[in-house]
Amino acid sequence: MVDVLLGLQWGDEGKGKIVDYFAKDYGVIARFQGGPNAGHTLYVNDTKVVLHQIPSGVFHDNVINLIGNGVVLDPVTLKRECDTVASFGIDLKKNLFISERTHLILPTHRALDKAAELSKGSQKIGSTLKGISPAYMDKTGRNGLRVGDLLDKNFTTAYIKLRLKHQKLLDNFAFTEDISSWEEEFFEALEFLKELNIVNGEYFINKQIAAGKRVLAEGAQGSMLDIDFGTFPFVTSSNTISAGVCSGLGIAPQKIRDVIGVTKAYCTRVGSGPFPTELEDATGELLRSTGNEFGATTGRPRRCGWIDLVALNFACMINGVTKIVMTKADVLDAFPDLQVCTSYKIGDEETKEIPFRLDRRQPVPVYQSFAGWNTNTSGIRNFEGLPGTMKTYVDFINKYLGVPVHYISNGPGRDQIIQAPIA
Ligand code: GDP
Ligand code: IMO
Ligand code: MG
């Protein structure tokens, strides 16, 4: 039995914290897509940790963490992260496993990402520059190198061949940066990677399921960054939605039970691309400062705005969301009134649907106003204690989406989460 937990917006919904919270109920936590573009924050004994490659269940005893075949893996980031995790006394030999089909991010993928973004000028995607798009291009182009290839005696030859190909592309971009130090640390990290548990991921996970272990598939990025259904071309290069779980881990669709969607009580986006409810004013600034909205991977300020139910409804539809977790409700504590986007006005028409090429349509959000709660909610530990105005806000979202909000998160800490009664 497999449950899925993924982001319903443009990433950074708080997936890391929520996976860490749920991890004790699962035997396996598995990443199925994305790479070190992800930054999942959680707290271990009050110490903040940001995970990029390792699943967010790694700090729990008796939980297996699997990096699935759908992920793209940067060995350098992984090694650094393993060192951090090991410093908490975690034995990675016991609880971290990597699929041999996982594609590797090479130093030249990072260089290509940078060169491609530079060449796009004002049209840049706002990539995290971690080499994601070039690595997935080599996967679909059938050129990529995989973790299992590391154990092959011809690995270095294959690496050199691919590197030469990349060099030609870099020459075309007139990219001249010296990346020799990147290559040095890459080869060092490969030696480290070879010593980790490299497994046949699809058999590995299916055997865990057959043995009765519960699996939680941990999404990275968010549904609106999905390569097919996101705000293309301002998206990432993988299927971030629930459909990606089957191909990203090698499990059958009928094994999937719940799809847990995580959304902030408002909305953020980092990088370029359309964001209909964005607030480029003092309210947006207040959301950013109160919510500490700065990228966990790149440190960039996140763009902030009101919750967008048109986009959330779309995300619930394509993912088959069965439960919602609403995070960062506490960030709205100090706002006297709140806006909820219920439709878009595009030209003379009002719509509740996401159009093709949102970036070309200039949608104007139509809002419904709600009273704020004007009280500090971060210390509240049960649903009954929450202000009535917050319950009204959540109830409206429940009804609009037709999916229940099961949990409300009211702070970054492990214990700052409240279970809501299901109607
Ligand atoms: P992820 O990529 O979805 O895992 O999210 P990030 O870790 O990139 O960003 C979420 C940020 O919000 C992190 O700094 C979390 O510590 C923080 N966070 C998570 N849940 C809450 C919450 O309920 N309230 C507040 N104030 N912060 C939260
Ligand atoms: P988590 O898992 C927020 C965004 C980038 C850029 C676009 C493409 O922490 O939620 P890429 O590096 O993938 O080529 O960048 O996607 N992006 C994210 N935004 N959270 C993330 O991950 C993201 N991963 C990528 O900012 O706009
Ligand atoms: Mg993040």
Side-chain angles (χ1 to χ4, degrees), residues 5-21 31 33-43 48-53 55-56 71-72 74 105 109-110 112-114 116-117 120 124-137 218-227 230-238 240 261-275 287 289-303 325-334 376-378 380 407-418:
L5 185 143
L6 43 73
L8 297 178
Q9 299 171 307
W10 281 276
D12 303 327
E13 297 88 351
K15 300 174 292 292
K17 170 191 159 157
I18 306 301
V19 170
D20 175 52
Y21 175 76
R31 277 278 306 269
Q33 49 69 233
N37 47 350
H40 295 178
T41 312
L42 45 91
Y43 282 82
K48 177 175 165 174
V49 181
V50 182
L51 296 170
H52 303 284
Q53 293 273 189
S56 303
V71 170
V72 284
D74 184 338
I105 300 178
H109 285 139
R110 279 158 61 199
L112 281 166
D113 204 358
K114 198 169 172 186
E117 278 284 83
K120 286 195 163 115
K124 72 172 186 192
I125 306 297
S127 153
T128 58
L129 305 180
K130 301 293 176 190
I132 304 299
S133 152
Y136 277 116
M137 276 159 75
E218 172 182 358
Q221 291 77 58
S223 304
M224 298 308 285
L225 288 170
D226 181 87
I227 184 72
T231 46
F232 189 90
F234 302 100
V235 293
T236 189
S237 300
S238 63
T240 59
V262 186
T263 174
K264 281 177 184 165
Y266 51 99
C267 192
T268 66
R269 171 165 205 169
V270 62
S272 327
F275 179 4
L287 279 171
S289 55
T290 315
N292 193 20
E293 294 295 357
F294 296 89
T297 298
T298 58
R300 291 177 291 177
R302 294 175 183 149
R303 301 157 63 192
V325 178
M326 178 181 284
T327 57
K328 305 195 92 158
D330 56 300
V331 174
L332 298 182
D333 283 358
N376 183 343
T377 59
S378 62
I380 299 172
Y407 289 89
I408 298 166
S409 169
N410 58 341
R414 264 182 171 170
D415 59 340
Q416 289 175 300
I417 187 159
I418 294 167

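In each ligand, atom 1 is the first atom listed, and ligand 1 is the first ligand listed.
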Review point. Do ligand 1 and Asp330 have nitrogen or oxygen atoms that lie under 3.5 Å from each other?
Key: yes
Exercise for review: Using non-hydrogen atoms of the residue, decide whether His40 is closer than 4.0 angstrom to ligand 2.
Suggested key: yes
Review point. Considering only heavy atoms from C-beta outward, does the side chain of Ile18 approach that of Ile417 to under 4.5 Å?
Key: yes
Point to revise | Under 3.5 Å: donor-acceptor pair, side chain of Glu218, backbone of Ser56 | key: yes
**Study point:** Which of the ligand 2 atoms, numbered from 1, are nearer than 4.0 Å to a heavy atom of Gly126
**Key:** 5 (C), 6 (C), 26 (O), 27 (O)
Exercise for review: Note the single closest protein heavy atom to atom 27 (N) of ligand 1, along with its residue, its atom name and the distance in Å.
Suggested key: Lys328 CE, 3.4 Å
Revision key, fill the gap. min-distance protein heavy atom vs atom 18 (C) of ligand 2 -> Leu225 CD1, 3.7 Å
Review point. Is there a donor-acceptor contact under 3.5 Å from the side chain of Lys17 to the main chain of Thr41?
Key: no
Check your understanding: For ligand 2, which atoms have a heavy atom of Arg300 less than 4.0 angstrom away?
Key -> 5 (C), 26 (O)
Check your understanding: Considering only heavy atoms, which of Arg269, Glu117, Gln221 lies nearest to atom 23 (C) of ligand 2?
Key -> Gln221
Review point. Can you name the nearest heavy-atom pair linking Pro36 to Ile105, along with the distance?
Key: CD-CD1, 3.5 Å
Exercise for review: Give the single entry among Thr41, Thr290, Asp12, Asp20 that approaches atom 15 (C) of ligand 1 most closely by any heavy atom.
Suggested key: Thr41
Point to revise | For Asn410, atoms of ligand 1 separated by under 4.0 Å from a heavy atom | key: 23 (O)
Check your understanding: Which ligand 2 atoms does Trp10 reach within 4.0 Å, using its non-hydrogen atoms?
Key -> 3 (C), 19 (N)
Check your understanding: Can you tell which part of Lys15 has a heavy atom less than 4.0 Å from ligand 1: side chain, backbone, both or neither?
Key -> both
Exercise for review: Give yes if a backbone or side-chain nitrogen or oxygen of Val331 is under 3.5 Å from a nitrogen or oxygen of ligand 1, and no if not.
Suggested key: no
Review point. For Gln53 and Asp74, does a side-chain donor sit closer than 3.5 Å to a side-chain acceptor?
Key: no
Exercise for review: Could you verify whether a donor N or O on one side chain and an acceptor N or O on the other, from Thr263 and Gln9, lie under 3.5 Å apart?
Suggested key: yes
Check your understanding: Could you give the distance from CE (Met224) to CZ (Arg269), rounded to the nearest 0.5 Å?
Key -> 8.0 Å
Exercise for review: Would you indicate which of Gly39, Gly16, Pro412, Gly11 comes nearest to atom 6 (P) of ligand 1 when only heavy atoms are counted?
Suggested key: Gly39
Review point. Gly411: heavy atom below 4.0 Å from ligand 1, yes or no?
Key: yes
Check your understanding: Can you find a side-chain donor-acceptor pair between Thr377 and Asp333 that sits under 3.5 Å?
Key -> yes
Review point. Hey, is Lys15 one of the residues with a heavy atom under 4.0 angstrom from ligand 2?
Key: yes
Study note, to complete from the structure: If we number the atoms of ligand 2 from 1 as shown, the ones under 4.0 Å from a heavy atom of Gly39 are 1 (P), 9 (O)
Review point. Taking only heavy atoms of Ala296, which atoms of ligand 1 are found under 4.0 Å from at least one of them?
Key: 8 (O)
Study note, to complete from the structure: Of all the N, O or S atoms in Asp12, the one nearest to the Mg ion (ligand 3) is OD1
Exercise for review: Could you pull out, from Val72, Thr240, Asp12, the option with a heavy atom nearest to atom 21 (C) of ligand 2?
Suggested key: Asp12
**Study point:** Contact check, Asp113 vs ligand 2, heavy-atom distance below 4.0 Å
**Key:** no
Exercise for review: Consider every N or O of Ser409 and every N or O of ligand 1, then say whether any pair is closer than 3.5 Å.
Suggested key: yes
Practice item. Measure the shortest side-chain to side-chain distance between Gln416 and Asn410 over non-hydrogen atoms and say whether it is less than 4.5 angstrom. Key: yes
Exercise for review: Please confirm whether Thr327 comes within less than 3.5 Å of ligand 1 when only nitrogen or oxygen atoms on both sides are compared.
Suggested key: no
Check your understanding: Which residue and non-hydrogen atom of the protein lie closest to atom 12 (O) of ligand 2, and at what distance in Å?
Key -> Thr128 OG1, 2.5 Å
**Study point:** Arg302 contact mode with ligand 1 (heavy-atom cut-off under 4.0 Å)
**Key:** side chain
Check your understanding: Where is the nearest protein heavy atom to atom 7 (C) of ligand 2: which residue, which atom, and how far?
Key -> Val235 O, 3.9 Å
**Study point:** Test of proximity, Glu13 against ligand 1: N or O pairs below 3.5 Å
**Key:** yes
Check your understanding: Where the closest heavy atom to atom 13 (O) of ligand 2 is concerned, which of Thr298, Thr268, Thr236 has it?
Key -> Thr236
